[in-house]
There are 2 protein chains.
Amino acid sequence: MPVPRDAASRRSGIPDATVARLPIYLRVLGAFAESGLPTVSSEGLAAAAGVGSAKLRKDLSHLGSYGTRGVGYDVEYLVYQISRALGLTQHYPVAIIGVGNLGHALANYAGFGTRGFQIAALVDADPRRAGEVIAGIEIRHLDELETIIKEHEISIGVIATPAAAAQDVCDRLVACGVTSVLNFAPTVLAVPESVDVRKVDLSIELQILAFHEQRKSAGLHGEPGVAVPDVVRTSVASA
Amino acid sequence: MPVPRDAASRRSGIPDATVARLPIYLRVLGAFAESGLPTVSSEGLAAAAGVGSAKLRKDLSHLGSYGTRGVGYDVEYLVYQISRALGLTQHYPVAIIGVGNLGHALANYAGFGTRGFQIAALVDADPRRAGEVIAGIEIRHLDELETIIKEHEISIGVIATPAAAAQDVCDRLVACGVTSVLNFAPTVLAVPESVDVRKVDLSIELQILAFHEQRKSAGLHGEPGVAVPDVVRTSVASA
DNA sequence: ATTTGTGAAGGGTTTCACAGCG
DNA sequence: CGCTGTGAAACCCTTCACAAAT
């Protein structure tokens, strides 16, 4: 029974690492489009996105041949092709569970509504918050979770509850047919194989920074310092 | 001029991929410690952290040989060793710039204060918010940024401003000597090579989920489904 | 002349499988 | 006998360098 190498990237043909960068390209292209720029070279787009130009070209090559040699990429067309590859041509209704500080921030986050997503429901366990309206959406009680998910045909759930509640909420979401979960609670969620979970953990990111910070102060006099450019100064349509 | 392969991982000996997972192990070990469990096997710890046991052992082997063959790892001791490797034995003061919804959430986030970090300052551009107290810390105005950073000797900055302000704030932080930045604003920040930037982008995470979501509904009847366990159900000291 | 698209080379990461130690 | 620690293999991702196209 030969197990396939990687479920996600094998099914789609687009490597995971590339998929993770496409949204960045999309955002940068958006800025270029607003500037009225008709085309970009791989060099220009790569600089604005903070990656190497070869990597960018390889990434885009996985979607097809959408550039013109000697010219570059048509901005509008590339936006469309990347959007299509990411599946953003359809609209996804999402539910946010847990309307504490973080859930509140997420509900007001502009990036959610803009590209392919729509916050269809806010849910909280505190009955006193039911009825409250945030970002134009009424908060409903956790008891109604199953009803709400089915009502809006939600397949993406955002968990912004305390850690203690996260697994339980996740189980209920999965039971209603949710197949993608974005988890902000500091717990490892257990889910069936058919469900995708992505985790955002503020404290983990800080700890990774701390590690590098520590190394900096430790090695301030070792071997002759060789500069390794990682992110290079770029000036894009800044905003 | 031979460029070294990778700045971070070469200086420390610990691969980046491993560093990114150590905080997860640390959290899971914390739960085990509270349960009073004296030792864990690589299998047990790996299951709770959602990774394979071989990967976990290889990760830990980069820190040294802290396990006992035939027994497992001493929970308390491993917590200490991972903390030390990550540089969490010292305390890092951090500043949060931008106290909108997200900054507010971050200020109240328990994970910040607990492991090695302390929120030393909250800064906002709105003069009307100056003086307001959140999570026991008084908000100060952006004009005072330089003073505050130096006063508290802050080397880690958290940017939670709108995208338009992020690069400017970042430049000012770097000018004051901040060497690590955690960026929540949806922009690619340009910094000198000596500064580390990590980015958390809510909308990007959602777009990655959308990609996988799309592939699911597309291939619901292709080849005979082969199960690829990704995250397996585990029951740890749940909380 | 310029810039894309891509084989091929080079690293890094994960997985395997087992030797070695308790 | 159980479990860790680790070479070796397999895999994935990145980088290089250039042929192909406009």
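- dT2(C) atom P lies 18 Å from atom OH of Tyr73(A), rounded to whole Å.
- For the pair Tyr66(A) and dT3(C), the criterion of a side-chain N or O lying under 4.0 Å from OP1 or OP2 is not met.
- Look at CG on Leu63(A): it is 10 Å from P on dG5(C), rounded to the nearest Å.
- One distance of note links CD1 of Ile82(B) with CG of Leu26(B); it measures 5.5 Å at 0.5 Å rounding.
- At dC3(D), none of the side-chain N or O atoms of Ser41(B) fall inside 4.0 Å of OP1 or OP2 (strictly under the cut-off).
- Distance, Asp16(B) CG to dT13(C) P: 6 Å, rounded to whole Å.
- Heavy-atom distances to DNA chain C give each of Lys58(A) and Val71(A) a nearest nucleotide, and the one nearer the 5′ end belongs to Val71(A).
- The environment of Gln81(B) atom CD is dense: over 12 non-hydrogen atoms of other residues, nucleotides or ligands sit within 6.0 angstrom.
- Between the side chain of Arg69(A) and the base of dT3(C) there is no donor-acceptor pair of N/O atoms closer than 3.5 Å.
- Spacing between atom NZ of Lys55(A) and atom P of dT4(C) amounts to 17 Å, rounded to whole angstrom units.
- For the pair Thr68(B) and dG22(C), the criterion of a side-chain N or O lying under 4.0 Å from OP1 or OP2 is not met.
- If you measure from atom CD of Glu43(B) to atom P of dC16(C), you get 12 Å, rounded to the nearest angstrom.
- The phosphate of dA17(C) (OP1 or OP2) has no side-chain N or O of Arg57(B) nearer than 4.0 angstrom.
- In this structure the side chain of Lys58(A) never reaches within 4.5 angstrom of the side chain of Thr18(A), judged on heavy atoms.
- Atom NE2 in His62(B) sits about 10 Å away from atom P in dT14(C), given to the nearest Å.
- Rounded to an integer number of Å, the gap from CG of Leu60(B) to P of dT6(D) is 11 Å.
- Between the P atom of dT3(C) and the CG atom of Leu78(A) lies a distance of 16 Å, rounded to the nearest Å.
- The line from CG of Leu29(A) to CG of Leu78(A) is 5.0 Å long, rounded to the nearest 0.5 Å.
- Gln90(B) CD: more than 12 foreign heavy atoms inside a 6.0 Å radius.
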